[in-house]
**Q** 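Have a look at the structure that comes next, please.
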2 protein chains.
Amino acid sequence: MTGAARPGTAKAVAELAGVSVTTVSRVLSGQASAIPQETQDRVFAAARQLRYRPNSLARALRKGTTQSIGLIVPDISDAYFHQVARGVEDVAQAAGCVVILTNTDRVPAREEACVNLLLDKRVDGIVFAGGGIDDDTHLDGFDWSSTRVVTIGPHQLPFPSITVDDSAAISDAVHHLAEISCRRILCLAGQPNWLVTQRRLAGYRQAVAELGLDTDPDLVVYGDFTESAGEELTAKALAAGSFDGVIAFNDYTAIGAMHALASAGVRVPDDVAVIGCDDIPVARMVHPALTSVSFSQYEFGRNAAEMILGSVPLPAGQRITFPHELLRRHSTARR
Amino acid sequence: MTGAARPGTAKAVAELAGVSVTTVSRVLSGQASAIPQETQDRVFAAARQLRYRPNSLARALRKGTTQSIGLIVPDISDAYFHQVARGVEDVAQAAGCVVILTNTDRVPAREEACVNLLLDKRVDGIVFAGGGIDDDTHLDGFDWSSTRVVTIGPHQLPFPSITVDDSAAISDAVHHLAEISCRRILCLAGQPNWLVTQRRLAGYRQAVAELGLDTDPDLVVYGDFTESAGEELTAKALAAGSFDGVIAFNDYTAIGAMHALASAGVRVPDDVAVIGCDDIPVARMVHPALTSVSFSQYEFGRNAAEMILGSVPLPAGQRITFPHELLRRHSTARR
DNA sequence: TTGTATGCGTTATCAT
DNA sequence: ATGATAACGCATACAA
C-alpha cells in the first residue's frame with residue numbers, strides 16, 4: 001500500500017524488483033549468502049535501471065564508519081605536502097575511501113577548527129602532517145576515542161607518528177659544509193616554537209660543536225619557511241657580518257637565500273655554499289641546483305593512510321623513523 | 001525511564017539537562033526563538049560538560065546538505081592546482097564546509113570513480129578542475145541533479161564554467177616571440193585529445209598564420225605536461241631540425257625544454273627564446289627566469305567554491321572568463 | 001514554552 | 001530464502 005518510494009533509494013529498487021529492502025541490501029552488499037541467482041539478477045537489474053547508489057551517509061550512520069580520512073596540513077601550496085597528500089589519497093582511493101583536506105597555516109586556532117570539522121564529519125582517521133609547536137594545549141580536550149590519528153613530523157601528541165631524524169639530517173648537512181671548508185655557517189631556521197625547528201637546531205648546534213666551527217649566536221636566525229623570509233634574513237646577515245655556508249631548514253628558505261646572495265654578488269658555491277632541506281622538486285630546478293636533505297614524503301603519506309585503514313590497532317605513541325639522504329648538487333660543489 | 005543514552009549524543013545532553021532532545025536541538029542550532037535563558041544555559045552547560053558535537057552524518061541525512069565540496073584535480077602534485085585547491089578550501093573552511101580531494105591523473109576511469117565517490121558522499125557541489133578531454137562519454141549517465149558542479153578549464157560538460165581565453169593566451173605568447181625575431185617556433189603541446197591542447201593550439205596556429213611565421217607541422221609536438229616530456233621532445237626536435245623559439249603549453253614542459261637546450265649548449269634566450277604557460281611559482285625561480293602566461297588560479301578556486309556555496313542557483317553552461325597576462329622574464333629577454 | 005512522534009536511507013536482528 | 005522492524009542521531013511538523 002506504500003506509494004512510490006523516493007527515487008534513488010533502496011526502497012525504490014526493492015519495489016521495482018518486487019522484493020524487500022532487506023534483500024536489496026543483501027544482494028548489493030555481496031552478502032547474498034543464500035539468495036537465488038534469479039532474485040539477485042532482478043535486484044541488480046532494478047538497481048542499474050534506477051542508477052541506484054547507496055547513500056553513504058545513511059550507511060555511515062548505521063555502520064559507524066565513514067570511509068574517509070582527514071588530512072591536516074599547514075598549507076597545501078607548500079611542495080613538501082604535495083607528495084604527502086598524494087600518498088594519502090592514492091591509498092585512500094584504492095580502498096574506496098575519500099580524503100578531506102584542511103589547511104591550518106600553522107595557526108593554532110585553525111588547527112583546532114580543522115580537528116573539530118574532521119571529528120564532526122566522523123572521519124575514520126586523521127593524518128596530521130607538518131610538525132607541531134611546543135605548546136599543544138589547543139589540542140587538548142578533544143575526544144579522539146573513535147578516531148585513529150597518525151602524525152607526520154615531530155609532535156607531542158600521544159599518537160603513532162611518522163618521523164625522520166631531524167637532528168641527524170641537519171647534522172649531516174653541516175658536516176658536508178665543513179668538508180668543503182665552511183667555518184661560519186648561517187642557520188636559517190623556522191619559528192622558535194616549532195618542534196621541527198628545535199629538533200633541527202639541536203642537530204646544527206651539535207655538529208657545529210663537534211666540528212669546532214664558529215658558534216656565533218648571530219649565525220642562527222628564525223623565519224617562517226617562505227622564500228621571502230630566506231631572502232630577507234640572508235640580506236640582513238650579509239649586512240651584519242660574514243659567513244661561508246648556509247644551512248636552511250627548508251628549501252624555500254634556501255632558494256630565497258640564494259636570491260639574496262646573487263643580488264649581493266656573492267657566488268654560490270664558491271663564496272658561500274648553500275644547503276636546503278626537504279628536497280622539493282624545485283631544488284633541482286634552480287640555479288645552481290640546490291643540495292638538500294631528501295625525505296620520502298610520498299611514503300610518509302602512504303604509510304600514514306595504511307596505518308589508518310589497516311585492521312591492526314595503532315600502538316599509541318609508536319614512532320616510525322624514515323631515513324633521510326643528503327643529495328649533493330651544485331650549490332655545494334666547490335671543486 | 002529510558003536508560004542512559006549513548007555518550008556524545010543529543011539524547012545524552014537532553015538527559016543531563018533535564019529537557020527533551022528537541023529542546024537541545026533548538027538551543028544548539030540557535031533556533032531558540034522562545035526558550036528562556038535559564039533553560040538554554042542548562043543545555044549549553046550540559047553540552048559543554050559532555051563535549052557534545054552534533055553528528056554531521058545524522059544532520060546531513062536529515063537536512064539534505066553535507067556542508068562539503070568535492071574537488072577533482074588531475075594531480076594535486078601539479079603546482080597549477082595548489083592555488084586552486086587553496087582557493088576552494090579557504091572559502092569552504094570559512095563557511096564551515098569541508099573539501100574532499102580526489103586525483104584523477106587524467107585517466108577517464110578514475111575520473112568516473114572520483115565522481116562516483118563524491119556523489120556517494122552526497123557533496124553539496126563538485127569543483128571539476130583541469131580541462132577535459134574531447135570524449136566525455138565516460139561522464140554521461142551520472143545523476144547530477146542534486147549536486148552543483150562548476151568546471152575550471154575547458155570542458156564540454158553542461159555546467160557553469162570558469163575559463164580563460166586559452167587561444168588568446170598562446171597567441172599573445174607567440175606574438176611576443178615574433179617581436180623578438182623568432183620565426184620558427186617549437187610548440188610543446190599537451191595530449192591531442194585534451195581540450196586545453198586544442199584551444200591553445202588554435203591560438204598558436206592563428207598567431208603563426210597571421211604573423212607569417214614558419215608553419216612547418218613538425219614544429220608541433222605533443223607531451224603530457226611533465227618536465228621529462230618537455231626535455232625529451234625538445235631534444236628530439238633539436239636533433240630533427242632547427243627553431244628559434246619555444247612555446248610550451250605549461251611551465252613544467254618549458255622547464256624541461258630549457259634543460260634540454262642547456263644540455264645541448266643552446267643559449268636561452270639568445271639562440272632560442274622560451275615561453276611557458278600557467279606561471280607557477282617555479283617559473284621565476286629557474287634560470288633563466290621563465291617568461292610565462294599568468295592566470296589567477298587562486299581566484300578560480302575561490303570563485304568556484306563561492307558559486308557552489310552561494311545561494312543563487314547556478315546558470316547551467318554559463319561561462320566566466322578570467323583574464324590572463326604575459327609575464328616577461330629573462331627567458332625571452334633578448335636585448 | 002516544551003515535548004512526542006516521524007522520517008532521512010541504511011544495515012542488522014530476529015522471525016518466518 | 002526472505003521480510004518486517006528496529007536502530008543509527010538528528011531535525012522538524014504537530015501537539016499540548
Side-chain angles (χ1 to χ4, degrees), chain A residues 1-43 46-47 50-67 119-122 124 143 146, chain B residues 1-43 46-47 50-67 119-122 124 143 146:
Chain A
M1 209 49 45
T2 53
R6 297 198 31 181
T9 69
K11 195 171 179 185
V13 176
E15 286 180 9
L16 183 58
V19 297
S20 72
V21 287
T22 307
T23 301
V24 170
S25 175
R26 285 192 181 120
V27 171
L28 267 37
S29 307
Q31 300 175 342
S33 43
I35 294 180
Q37 196 52 243
E38 190 267 339
T39 306
Q40 295 199 34
D41 290 343
R42 278 212 323 278
V43 172
L50 297 180
R51 288 201 179 96
Y52 173 70
R53 299 231 106 211
N55 184 320
S56 71
L57 296 161
R59 174 178 285 180
L61 188 59
R62 179 61 229 241
K63 301 191 49 157
T65 165
T66 51
Q67 303 287 89
L119 291 178
D120 286 353
K121 292 290 186 241
R122 299 302 195 262
D124 297 331
D143 176 14
S146 56
Chain B
M1 213 47 45
T2 52
R6 297 196 32 180
T9 68
K11 195 171 177 186
V13 175
E15 287 180 8
L16 182 58
V19 297
S20 72
V21 287
T22 306
T23 302
V24 171
S25 176
R26 284 191 183 123
V27 171
L28 266 39
S29 307
Q31 300 176 341
S33 42
I35 294 178
Q37 197 52 243
E38 190 267 339
T39 306
Q40 294 199 34
D41 290 344
R42 280 216 317 281
V43 173
L50 297 179
R51 289 201 179 97
Y52 173 70
R53 299 231 107 211
N55 184 320
S56 71
L57 296 160
R59 172 177 286 179
L61 189 59
R62 178 63 225 248
K63 301 194 38 160
T65 166
T66 51
Q67 303 289 88
L119 290 179
D120 286 353
K121 291 289 186 250
R122 299 302 194 263
D124 297 329
D143 176 15
S146 55

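When reading the values below, keep in mind they use all heavy atoms of this one structure, side chains included, and skip hydrogens, waters and symmetry mates. As the structure is a computational prediction, the values presented were derived from the model and not from experiment. Order of the sequence lines sets the chain letters (A, B, ...), proteins ahead of strands, with each chain counted from 1.
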**Q** Sequence neighbours left out, what passes side-chain contact (heavy atoms from CB on, under 4.5 Å) with A:Asp124? Give chain and number order.
**A**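 Applying side-chain contact (heavy atoms from CB on, under 4.5 Å) to A:Asp124 gives A:Thr65, A:Thr66, A:Gln67.
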
**Q** Strictly below 4.0 Å: does B:Thr23 bring a side-chain N or O up to OP1 or OP2 of C:dG3?
**A**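 Checking C:dG3 against B:Thr23, a side-chain N or O does come within under 4.0 Å of OP1 or OP2.
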
**Q** If I take atom CD in residue B:Glu15 and atom P in nucleotide C:dT2, what distance separates them, rounded to the nearest angstrom?
**A**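 In whole Å, C:dT2 P and B:Glu15 CD are 18 Å from each other.
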
**Q** What contact category does B:Val19 fall into here, base, sugar-phosphate, or nothing, at under 4.0 angstrom with non-hydrogen atoms?
**A**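 If one applies the 4.0 Å heavy-atom cut-off, B:Val19 turns out to touch the sugar-phosphate alone, with no base involved.
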
**Q** Is any side-chain heavy atom of B:Gln40 less than 4.5 Å from a side-chain heavy atom of B:Gln37?
**A**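 B:Gln40 reaches B:Gln37 side chain to side chain.
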
**Q** Go through B:Leu61 and A:Asn55 one step at a time and tell me if the side chain to side chain contact (heavy atoms under 4.5 Å, CB included) criterion holds.
**A** CA-CA 9 Å; B:Leu61 189 59; A:Asn55 184 320; 4.0 Å; yes

**Q** Salt-bridged, B:Glu38 to B:Arg42, with N to O below 4.0 Å?
**A**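 B:Arg42 and B:Glu38: salt-bridged.
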
**Q** If you round to the nearest 0.5 Å, how far is NZ of B:Lys11 from CZ of B:Arg6?
**A**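 Here the rounded value is 11.0 Å.
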
**Q** Take the protein atom CG of A:Leu28 and the nucleotide atom C1' of C:dA12, then report the distance between them rounded to whole Å.
**A**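 That distance rounds to 16 Å.
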
**Q** What pair of heavy atoms forms the shortest contact from B:Ala17 to B:Ala46, and how long is it?
**A**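 Where B:Ala17 meets B:Ala46 most closely, the heavy atoms are CB-CB, 3.9 Å.
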
**Q** Using atom names, set out every protein N or O paired with an N or O of nucleotides 9-12 of chain D below 3.5 Å, distance rounded to 0.1 Å.
**A**
{"residue": "D:dG9", "atom": "N2", "partner": "B:Ala58", "partner atom": "O", "Å": "3.3"}
{"residue": "D:dC10", "atom": "OP1", "partner": "B:Tyr52", "partner atom": "OH", "Å": "2.5"}
{"residue": "D:dC10", "atom": "OP1", "partner": "B:Asn55", "partner atom": "N", "Å": "3.1"}
{"residue": "D:dC10", "atom": "OP2", "partner": "B:Ala10", "partner atom": "N", "Å": "2.5"}
{"residue": "D:dA11", "atom": "OP1", "partner": "B:Arg59", "partner atom": "NE", "Å": "2.5"}
{"residue": "D:dA11", "atom": "OP1", "partner": "B:Arg59", "partner atom": "NH2", "Å": "2.8"}
{"residue": "D:dA11", "atom": "OP2", "partner": "B:Ser25", "partner atom": "OG", "Å": "2.9"}
{"residue": "D:dA11", "atom": "N3", "partner": "B:Arg62", "partner atom": "NH1", "Å": "2.3"}
{"residue": "D:dT12", "atom": "O4", "partner": "B:Thr22", "partner atom": "OG1", "Å": "3.2"}

